[in-house]
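Reading through the structure tokens given below for one structure.
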Amino acid sequence: MNQELIRILNLLIPSLWQTIYMVLLSTVFSLILGLPLGVLLVITEKGGIWEKPAFNNILGAVINILRSFPFLILMIVIFPLSRLVVGTTIGTTATIVPLSIAATPFVARVIESSLKEVDWGVIEASLSMGATPFQIITRVLIPESLPSLILGITLTIINIIGYSAMAGAIGGGGLGDLAIRYGYQRYDTPVLIATVIVLILIVQIVQITGSYLAKKVDRR
Amino acid sequence: MIQIKNLTKIYQTKKESITALRGVNLEINDGEIFGIMGLSGAGKSSLIRCINRLEEPTEGSIEINGHDIMSLNHDELREMRKKIGMIFQHFNLLSSKTVYENIAFPLNISGVPANEIDKRINELLGMVGLADKKDSYPSQLSGGQKQRVGIARALANRPTLLLSDEATSALDPQTTAQILSLLKEINRRLNLTIIIITHQMDVIREICDRVAVLNSGELVEVGNVVDIFSQPSSQITKKFVGIEDGIPEDIIDYENGRVIRILFIGRSAREPVISRLVKTFDVDANILSGNIQHIHSETIGNLIIGLEGKPDKIEDAIGWLKNQGLKIEVLK
């Protein structure tokens, strides 16, 4: 029994770190890319504080196209970019590139819907005080929608955890890959169960933390 | 002084164009409290938003102290807005910031130094009576307190003009009265011009010096509040001030004699006109409806009476009333 536990842990722990590594970095990169896009979607909209309807339509269409790619296909299509950015197309680090790209349009939409919750009246009041569009973004839109943004980021992290299960296809490793290779292909049920339990725990921890933080910053 | 000339605002949608303002001409003097009254959809919001160009006028010109605001570019417009405060019906405070931070907001974006900001906020908090609430969040305040924060925020950059967009419409009557007296005090103390849009008659009556009445985007009348209240000339204003044209419905079946409306303004409201009339002309006076309003220091009385008696005596009585300096209208 003890030996079995050690065997499972030896498999589980490296995979867990791979998952955490992939998810964490992908979240950071997708936020860096997605946040400005989400902001642009909101401010360039008709009636927005930096109205550019034609640009808004194009941006919206591009985001929709990216979102309609199945992740498995996107991982392969993106090989040239991965090679350019990290120098290789396989492995855990290389997986971060497609994961970030796949999550970016999702982040953009999540940010967009959060920012749209900000009451127009508050934006109008800021305009009446002579605020610039940039000041409105950083001092009004983002702080006012922070609780919703935190929940959106939580949603993104959990989504990326889901995507990361497919990382095995390009040698990315991680918990999902472990579950497929051992649990499914080798009928190693204890590893399968252990993996699923760890994934459930991660998702729970992320969600509970996200909800707690969102509530904590909510002054409404 | 604010001069608005031929101001027109047309909202263009795919299907139709909606004219919110049609050739409005207005002059607003420095230091006065100017009311703009109208039903919802009359164009009040568009008008007040054209003054700080939150709405771009379709046509016409607006000059503030001789400066044409239509010619300003984005940067100049922002600088101008810093000198025009605005308060709102739903307060529009930042929910994520404390009272202190809300008032600091316009000062931060104007680049006022931190020690100056602190000094000014404490001054403003004292002025609006919220010194003890500076670390509260808006959600912890009552409606009246929120509007006080809104007023302090609007005054932070020491504006010369304050725009009030239905600022008391979401408040109860008692709180409304408190906010109005605060606005009046600020107007006197800072010699601040205040433009108020409202659909509430009481707001106009309480604090405005002059009033403009808007109806379907057109300016129907402008004048001193006392004049407009005592002798409204347009249909819509009459409705607003509660003087109906013709015979009120409940008096229409009055069949015993003549019906007249008497308007008292100022001193004449205190003369015992009716009892003198009855004694002198031997007619009976039947009071059918009436009210007396106090606007600023003026008294305005509006009385509808039925006169009964011999027809020639009644004619004499009406003639006599007209000579008493009263405005008489024979309704029936």
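Order of the sequence lines sets the chain letters (A, B, ...), proteins ahead of strands, with each chain counted from 1.
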Is the shortest distance from a Lys or Arg side-chain nitrogen in [X] or [Y] to a carboxylate oxygen in the other one below 4.0 Å?
X: B/E79; Y: B/K82; answer: yes
X: B/D165; Y: B/K44; answer: no
X: B/E59; Y: B/K9; answer: no

Next item on the list: Please check if the side chain of B/N29 supplies one atom and the backbone of B/E32 the other of a donor-acceptor pair under 3.5 Å.
Entry: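 Not at all, since once roles are kept as given, no pair shorter than 3.5 Å links the two residues.
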
Item checked: Residues in side-chain contact (heavy atoms from CB on, under 4.5 Å) contact with A/E45, at least two apart in sequence or another chain ->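 By the side-chain contact (heavy atoms from CB on, under 4.5 Å) rule, A/E45 matches A/N56, A/K116.
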
Check: Side-chain contact, heavy-atom cut-off 4.5 Å: B/I18 with B/I10?
Finding: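 Of all side-chain heavy-atom pairs linking B/I10 with B/I18, none is under 4.5 Å.
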
Next item on the list: Tell me, with the steps shown, if B/Y137 and B/E101 meet side chain to side chain donor-acceptor pair (under 3.5 Å).
Entry: CA-CA 9 Å; B/Y137 284 91; B/E101 291 164 340; 5.0 Å; no

Do any of [range] come closer than 4.5 Å to chain B, heavy atom to heavy atom, and if so which ones, in number order?
range: residues 61-83 of chain A; answer: none
range: residues 131-155 of chain A; answer: A/A131, A/T132, A/P133, A/Q135, A/R139, A/V140, A/P143, A/E144
range: residues 208-220 of chain A; answer: A/R219, A/R220

Next item on the list: List the steps and the verdict of salt bridge (charged side-chain N to carboxylate O under 4.0 Å, His left out) for B/R120 and B/E123.
Entry: CA-CA 5 Å; B/R120 229 186 273 183; B/E123 237 173 69; over 6 Å; no

Check: Taking atom CH2 of A/W120 as the centre, does the number of heavy atoms from other residues, nucleotides or ligands within less than 6.0 Å exceed 12?
Finding: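 Counting other residues, nucleotides and ligands, CH2 of A/W120 exceeds 12 neighbours.
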
Next item on the list: Starting from the C-alpha separation in whole Å, work towards a yes-or-no answer on side chain to side chain contact (heavy atoms under 4.5 Å, CB included) for B/L54 and A/S128.
Entry: CA-CA 7 Å; B/L54 282 176; A/S128 81; 4.1 Å; yes

Margin query: Let me confirm one number: the NZ-OG distance from B/K146 to B/S139, rounded to the nearest 0.5 Å.
Written below: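 Result: 7.5 Å between the selected atoms.
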
